[in-house]
Amino acid sequence: MCGIVTAIATNNVVPVLLEGLRKLEYRGYDSAGLAVLSGELTRLRSAGRVAELAVLADQAGLSANIGIAHTRWATHGVPSERNAHPHISAGLAVVHNGIIENFESIKLSLQARGYVFESETDTEAIAHLIHSKLATTPDLFDAVRLATNELMGAYAIGVLSEADPFRAIVARRGSPLLLGIGEDGMYAASDTAALLQVTRKVVYLEDGDLAELRRDSYRVMLPDGSPVEREVHISSLSADAVELGQYRHYMQKEIFEQPQALGNTLEMIAGGGSISPLHFGARAPEVFDGVRRVLVLACGTSYHAGLVARYWLESVAGIPCTVEIASEYRYRKSVPEADTLVVVISQSGETADTLAALKHASALGMTRTLAVCNVPESAIVREAALRFITRAGPEIGVASTKAFTTQLAALALLTLSLAKINGRLSETDEADYLSALRHLPVAIQKVLELEPQIEAWAQRFASKEHALFLGRGRHWPIAMEGALKLKEISYIHAEAYAAGELKHGPLALVDKDMPVIAVAPADELLEKLKSNLQEVRARGGELYVFADAGSEIPESEGVHILHMPEHYGMLSPVLHVIALQLLSYHAALVKGTDVDKPRNLAKSVTVE
Ligand code: AGP
């Protein structure tokens with residue numbers, strides 16, 4: 001989603017702004033722009049990539065000590081130069097991430113006062129609103145504060161004014177924004193990756209915070225104008241972690257990083273470590289005590305991780321579990337139960353719907369909350385009572401891969417911890433599960449070695465327009481994840497079904513042009529699944545079966561079998577999904593899509 005960079009420094013900040021935008025490209029965007037003050041306000045915008053904006057800046061010979069920059073992911077108004085940020089109101093420029101829900105009423109009242117709007121965006125209303133406040137308060141900081149107090153919805157903003165050239169103002173509510181404390185200046189950005197070029201010292205702004213940035217100082221204020229101290233953190237994010245290195249795409253890099261990502265995430269059980277609620281924080285024994293059910297809230301791929309966890313939690317820990325799409329849960333009249341552990345799962349930790357669902361559950365009195373997240377200082381992590389930080393490392397590709405498998409590792413640990421608390425984990429079982437978890441990095445490596453065969457499959461069906469994914473039990477969510485990956489990056493229409501549902505409708509779609517991908521490990525449901533596959537074959541459907549060491553399914557005409565090297569028991573979903581990730585990646589390569597930045601999608605979905 002939109003990305004913001006703000007800089008004020010002793011040196012020319014234009015290269016910093018542009019490099020910051022490049023680092024935010026992965027969030028997804030359709031246009032880019034910047035504004036700098038160098039005597040007068042100069043704005044450049046491009047309805048394309050950051051590289052095009054950089055050419056414009058070069059041609060203009062742009063140089064300045066203060067500026068704001070933005071990548072826009074269209075919400076209000078089509079992607080175009082006219083709608084690209086910054087938006088200007090008489091020498092005052094604003095960049096914005098988020099959605100202002102009451103912008104229409106603000107716009108009407110500003111129009112009545114003579115303000116003329118040039119774009120279709122909600123952001124322009126912010127620019128004019130701040131400008132209108134300057135009529136009653138000459139202080140830019142106060143004008144921004146008064147204006148933001150009137151905004152409903154989510155925002156992170158950066159503001160510059162020609163009349164006040166020695167400071168930039170930023171503010172946030174609902175959308176992420178952090179400050180960077182540099183040696184030669186002050187910075188702000190939507191995420192740390194944009195600022196590693198200048199500093200590792202960062203300050204995470206809280207909801208409602210406003211900050212004034214000067215070359216050598218900053219101050220943070222609350223919405224009522226009172227000052228507040230926010231802790232300075234030293235980011236441990238390495239600049240290399242966000243570089244592509246030897247890989248062609250971030251998605252490819254991230255798929256191949258999974259052995260390491262899983263090893264890091266499960267470090268606490270390496271060697272002699274055992275299953276313990278303390279993996280979820282010092283307060284976990286107290287929070288888990290008396291938990292009778294689990295409610296998982298998440299979106300997209302993270303929701304699929306929750307669906308896998310439901311099978312684990314109910315079968316291994318004996319705890320009833322419900323999994324809900326966060327955007328549905330937050331608006332549904334539900335019946336809260338105090339002995340529920342609410343688990344929110346999010347790679348980014350900034351997903352607006354998941355954050356709102358978490359707040360909603362807490363407001364309903366369900367305060368035993370756990371965030372499974374890959375970003376330690378994210379809004380979701382800060383909101384939850386307990387946190388488990390997956391150690392996937394930064395995930396840049398829009399299609400989530402290593403974040404998903406590390407979420408599954410975290411949820412496996414949660415399952416085993418709750419099973420242990422409930423007296424359902426014998427010492428022998430614990431030892432077996434621990435050894436299976438420790439074996440995961442090696443097992444994943446072996447799956448990655450299947451890439452040539454999976455690539456050959458991708459070549460065969462990349463020309464198809466539709467695909468059906470089938471799975472049963474804990475592999476049904478893996479089929480769902482496989483279908484999501486395929487449509488997300490290759491634009492092939494894909495649907496997933498619990499294989500037993502096939503004959504209740506989707507079988508009507510099956511013919512020779514509908515490839516059917518089946519997740520078929522040698523588990524207790526394999527024989528049932530085989531019958532479902534016969535139903536497909538009998539209708540001329542071509543089968544691509546991801547079997548494993550123990551699944552005896554003969555290869556025949558129209559039935560292609562790939563044997564995963566081992567049978568992985570409870571953890572089988574972690575391994576099978578990696579094969580499906582490779583399949584989607586290679587199908588997208590054949591189709592020539594923009595793998596890391598698929599059309600219309602954003603990495604960090606900070607609007608609802
Ligand atoms: C995954 O490939 C998707 N890009 C998307 O479904 C994602 O998982 C979803 O938007 C949730 O994001 P989160 O994990 O950051 O909350």
Side-chain angles (χ1 to χ4, degrees), residues 1 26-29 73 174-176 190-191 193 249-252 254-255 258 261 296-309 323-330 343-359 370-384 387-390 392-408 410-411 469 477-478 480-491 494 496 577-578 580-585 587-588 593-608:
M1 288 237 135
Y26 78 94
R27 296 167 68 89
Y29 73 106
W73 188 82
S175 298
S190 303
D191 76 37
H249 296 100
Y250 281 105
M251 183 181 179
Q252 182 192 26
E254 287 154 10
I255 290 173
Q258 287 177 106
V296 180
L297 303 169
C299 304
T301 287
S302 298
Y303 168 71
H304 296 155
L307 290 176
V308 174
V323 188
E324 278 210 48
I325 292 171
S327 56
E328 284 298 310
Y329 175 76
R330 63 182 291 195
V343 180
V344 283
I345 309 171
S346 174
Q347 182 282 130
S348 62
E350 302 291 349
T351 303
D353 283 320
T354 308
L355 178 60
L358 170 60
K359 289 181 177 172
L370 164 68
V372 174
C373 187
N374 198 38
V375 181
E377 290 298 334
S378 59
I380 286 174
V381 166
R382 280 180 281 146
E383 190 71 27
R387 74 262 350 244
F388 184 102
I389 305 301
T390 50
E395 192 178 69
I396 307 293
V398 162
S400 188
T401 52
K402 61 179 181 172
F404 179 70
T405 46
T406 54
Q407 287 167 352
L408 290 180
L411 294 165
F469 284 69
I478 294 307
M480 294 165 85
E481 175 59 9
L484 177 66
K485 284 287 88 86
L486 190 69
K487 58 189 151 196
E488 201 175 12
I489 58 165
S490 74
Y491 315 149
V577 78
I578 290 171
L580 298 185
Q581 292 167 354
L582 285 168
L583 186 69
S584 300
Y585 174 68
T593 59
D594 190 347
V595 173
D596 287 330
K597 295 189 274 290
R599 67 186 180 203
N600 305 338
L601 298 182
K603 181 68 183 165
S604 200
V605 186
T606 52
V607 297
E608 67 167 297

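First listed ligand is number 1; within each ligand, the first listed atom is number 1. Values reported hereafter were calculated over all heavy atoms of this structure, with side chains retained and with hydrogens, waters and symmetry mates removed.
Between Thr354 and ligand 1, no pair of N/O atoms sits closer than 3.5 Å. In terms of polar-atom proximity, defined here as any N/O pair under 3.5 Å, Leu484 makes no such contact with ligand 1.
Nearest heavy-atom pair, Leu486 versus Ser584, reported as atom, atom and distance to 0.1 Å: N-OG, 3.3 Å.
Of all protein heavy atoms, the one lying nearest to atom 10 (O) of ligand 1 is Val605 CG2, 3.9 Å. Of all protein heavy atoms, the one closest to atom 15 (O) of ligand 1 is Ser348 OG, 2.7 Å. Here the heavy atom of the protein found nearest to atom 4 (N) of ligand 1 is Glu488 OE2, 2.6 Å. Given atom 7 (C) of ligand 1, the protein heavy atom at minimum distance is Thr301 N, 4.1 Å. Looking at atom 9 (C) of ligand 1, its nearest protein heavy atom turns out to be Cys299 O, 3.7 Å.
Residue Ser346 approaches ligand 1 through these ligand atoms, each under 4.0 Å from one of its heavy atoms: 13 (P), 14 (O), 15 (O), 16 (O). Listed by atom number, the atoms of ligand 1 under 4.0 Å from Gln347 heavy atoms are 13 (P), 14 (O), 15 (O), 16 (O). Per-residue contacts place Ala399 under 4.0 angstrom from the following atoms of ligand 1 (heavy atoms of the residue considered): 2 (O). The contact set between ligand 1 and Thr351, taken as ligand atoms under 4.0 Å from a residue heavy atom, comprises 12 (O), 13 (P), 15 (O), 16 (O). Close contacts between ligand 1 and Ser400 involve ligand atoms 1 (C), 2 (O) [criterion: under 4.0 Å to a heavy atom]. The ligand atoms of ligand 1 that sit less than 4.0 angstrom from a heavy atom of Ser302 are 8 (O), 13 (P), 14 (O).
With sequence neighbours left out, Tyr303 forms a ring pair (Phe, Tyr, Trp, His ring centres under 6.0 Å) with no residue at all. Applying the side-chain hydrogen bond (donor to acceptor under 3.5 Å, both in side chains) test to Glu488 and every residue at least two apart in sequence or in another chain returns nothing.
With hydrogens and angles disregarded, a donor-acceptor distance shorter than 3.5 Å links the side chain of Glu254 to the backbone of Ile396. Using a distance-only test at 3.5 Å, with no hydrogens or angles considered, no donor-acceptor pair links the side chain of Lys485 to the main chain of Ser490.
A donor-acceptor contact under 3.5 angstrom links the side chains of Gln258 and Thr405, judged on distance only. Side-chain atoms of Glu481 and Thr301 form a donor-acceptor pair, as typed in the model, at a separation below 3.5 Å. Ser302 and Gln407 share a donor-acceptor pair across their side chains, judged by distance under 3.5 Å alone.
At a threshold of 4.5 Å between non-hydrogen side-chain atoms, the residues Leu297 and Leu358 do not count as touching.
Proximity of Glu350 to ligand 1 is not established, as no heavy-atom distance is less than 4.0 Å.
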